[in-house]
Amino acid sequence: MSSRRRYWLMKSEPDAFSIDDLARVGTEPWTGVRNYQARNHMRAMQVGDGVLFYHSSCDVPGIVGVATVASAPYPDPTQFDRKSDYYDPKATQEQPRWDLVDVSFERKLKRTIALNEIRDQADALGEGFSLIQRGSRLSVIPVTAAQWKLLLSLE
DNA sequence: GCCAACGTTGGC
DNA sequence: GCCAACGTTGGC
């Protein structure tokens, strides 16, 4: 059973893990997501899905690269690690709470597609795009094929 | 089950 | 550094 390729936007703080870091390592497990909605989006991911890599909490927040989903969802190992910032005492090996996927570098954009430019496209992107919804903090966001195409056309 | 308090996110 | 918005926690 497979379905067509889906698209996502994933936020990262460049001080913690940037598009250049992803370019260097090639593939990275997306650890540390501790929000149920974001987790559920990762659970819906399939190998080969497209990812817009977004830099948050920085000088120019925006989309900086393209990546791909490189694994099926699996339990985030940091939830079991007492020494990790992401340790979750309520998670067990038998009943993990947090899943993640591996993400692979595809390319870095020639320039940052800034959040304020994305906002200018609000009408074309449509109502449901939570990146530009007021107060939204969701770090893993579904993107439609049309939104994907539009956003990358801004490069 | 309600809701106040608290912690976090993230743009500015 | 500020603060609005949101999610989670825990007392009742």
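To find a chain, count down the sequence lines: A is the first, B the second, and so on, and within it residues start at 1. The model shown is predicted, which means the values in this text are computed figures rather than measured ones. Below, all heavy atoms of this structure are taken into account, side chains as well, without hydrogens, waters or symmetry copies.
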Indicate every side-chain donor-acceptor pair of residues 136-145 of chain A with a distance under 3.5 Å to a residue at least two apart or in another chain.
residue  : atom : partner  : partner atom : Å
A:Ser136 : OG   : A:Ser130 : O            : 3.1
A:Thr144 : OG1  : A:Gln147 : N            : 3.0
A:Thr144 : OG1  : A:Gln147 : OE1          : 3.4

- prompt: Base, sugar-phosphate, or nothing for A:Arg34, non-hydrogen atoms under 4.0 angstrom?
  reply: nothing
- prompt: Does any pair with a residue in residues 135-155 of chain A pass ring-ring contact (aromatic ring centres under 6.0 Å, His included), and if so which ones, sequence neighbours excluded?
  reply: A:Tyr7-A:Trp148
Chain A contact limits on DNA chain B, taken 5' to 3' with a cut-off of 4.0 angstrom to heavy atoms: B:dG7 to B:dC12
message: Among residues at least two apart in sequence or on other chains, which ones pass side chain to side chain donor-acceptor pair (under 3.5 Å) with A:Tyr87?
response: A:Arg82
query: Excluding sequence neighbours, so at least two apart, what forms side chain to side chain donor-acceptor pair (under 3.5 Å) with A:Arg5?
result: none
message: If the condition is side chain to side chain donor-acceptor pair (under 3.5 Å), which residues does A:Thr112 pass it with, not counting sequence neighbours?
response: none
task: Name every residue in residues 56-65 of chain A that has at least one heavy atom under 4.0 Å from any atom of DNA chain B, in order of residue number, or write none if there are no such residues.
output: A:Ser56, A:Ser57, A:Pro61
- prompt: Going by the side-chain hydrogen bond (donor to acceptor under 3.5 Å, both in side chains) test, which pairs reach into residues 56-66 of chain A, not counting sequence neighbours?
  reply: none
message: Would you say A:Tyr86 ends up clustered with A:Met42 if hydrophobic residues are merged whenever their side chains have heavy atoms under 4.5 Å apart, either directly or through other cluster members?
response: no
- prompt: Of all residues at least two apart in sequence or in a different chain, which pass the ring pair (Phe, Tyr, Trp, His ring centres under 6.0 Å) check with A:Tyr36?
  reply: A:Trp98
